[in-house]
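Working notes, structure below.
Note that this is a predicted model, so its numbers are computed, not measured. Each residue takes its place number in the sequence, starting with 1.
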Amino acid sequence: MDVSNPSLVVECPRCGLMTARFVDMCRNCGYKLWPSSVMASAAFKAWRAVDPEHRSEVSRFDLDYPVPVDDLVDYDARAHQLGIHVSPNSNWPFVICFGLLFLSLGAIPFSGTTRIVLAVIGGVIFLWGVVGWVVVDDSKMFPTDGPGPEVHH
């Protein structure tokens, strides 16, 4: 077997169809290309061991070398091209939900002091989250110190 040949296909001696080099039978006519699938697999392993850098991604059933695909997508840029507004990442909704958890725990019939303490803690965390999301994130996203005067409509 010629391991220096980089080709993945071979022409079937009976039908002439280009078929995978390391399969035991032609896909078109069923002509036996290798004596057994064990020999075909061993030949493929020997062929791949000669140049593992380029041949490591190839299967013995492939007809062509795999083409590397760059499937990295910048969703923010793509949304901007399509005119879609994507909200920036924020952790404040989690803080708000955490405050709502404590507020809802204050509704469970515990003793009066426990309910008040839970409601106060939940209210403080909830308001902290709302202020952080509305004031802090919006001031970072829409800064007001622009070059021109502020116009009210």
Distance from I84 atom CD1 to R78 atom CZ, nearest 0.5 Å?
8.5 Å
Decide whether L118 and I116 are clustered together by the hydrophobic rule: side chain heavy atoms of Ile, Leu, Val, Met, Phe, Trp, Tyr closer than 4.5 Å, transitively.
no
For H54 and D51, work out which heavy atoms get closest and say how close.
ND1-OD2, 3.1 Å
Joint hydrophobic cluster, W47 plus V9, side-chain heavy atoms closer than 4.5 Å:
no
If you group Ile, Leu, Val, Met, Phe, Trp and Tyr by side-chain heavy-atom gaps below 4.5 Å, do L100 and I108 land in one group?
yes
Correct closest heavy-atom pair for R115 and F110 would be CD-O, 3.4 Å
Testing N5, V23, L17, T19 for side-chain contact (heavy atoms from CB on, under 4.5 Å) with V10, which one passes?
T19
Write down the atom of P13, the atom of L33, and the distance for their closest heavy-atom approach.
CD-CD2, 3.9 Å
Please report the C-alpha distance between F102 and F126 in whole Å, then the side-chain angles of each, then the deciding distance to 0.1 Å, and finally whether the side chain to side chain contact (heavy atoms under 4.5 Å, CB included) criterion is met.
CA-CA 9 Å; F102 277 97; F126 176 78; over 6 Å; no
For Y65 versus P6, what's the shortest heavy-atom pair and its separation?
OH-O, 2.6 Å
Shared hydrophobic cluster, V3 / V58 (ILVMFWY, side-chain heavy atoms < 4.5 Å)
yes
Got a second to check how far I125's CD1 is from L103's CG, nearest 0.5 Å?
9.0 Å
Indicate yes or no for a side-chain donor-acceptor contact from R55 to the backbone of V50 under 3.5 Å, with no hydrogens or angles considered.
no
Rounded to the nearest 0.5 Å, what's the gap from CZ on F44 to CG on D62? Could you check?
7.5 Å
Any idea which heavy atoms bring A79 and V86 closest together, and the distance?
CB-CG2, 3.4 Å
Ignoring hydrogens and geometry, is there a side-chain-to-backbone donor-acceptor pair from S41 to S37 under 3.5 Å?
no
Under 30°, 30 to 60°, or over 60°: which ring-plane class applies to W128 and W92, parallel, tilted or perpendicular?
perpendicular
For residues C26 and C29, report the shortest heavy-atom separation together with the two atoms involved.
SG-N, 3.6 Å
Output for pair (I96 CD1, N91 CG), nearest 0.5 Å, gives 11.5 Å
I'd like to know whether the aromatic ring centres of F98 and F94 sit less than 6.0 Å apart in this structure.
no
Interatomic distance, M18 atom CE to R27 atom CZ [nearest 0.5 angstrom]:
12.5 Å
Do V124 and V134 belong to the same hydrophobic cluster, where Ile, Leu, Val, Met, Phe, Trp and Tyr are linked whenever their side-chain heavy atoms lie under 4.5 Å apart, directly or via other members?
no
Flag if over 12 foreign heavy atoms under 6.0 Å of OH, Y31
no
Intermediate values then yes/no, side chain to side chain contact (heavy atoms under 4.5 Å, CB included), D24 and K32
CA-CA 6 Å; D24 41 336; K32 194 84 166 148; 3.8 Å; yes
Distance from D74 atom CG to H80 atom NE2, nearest 0.5 Å?
11.0 Å
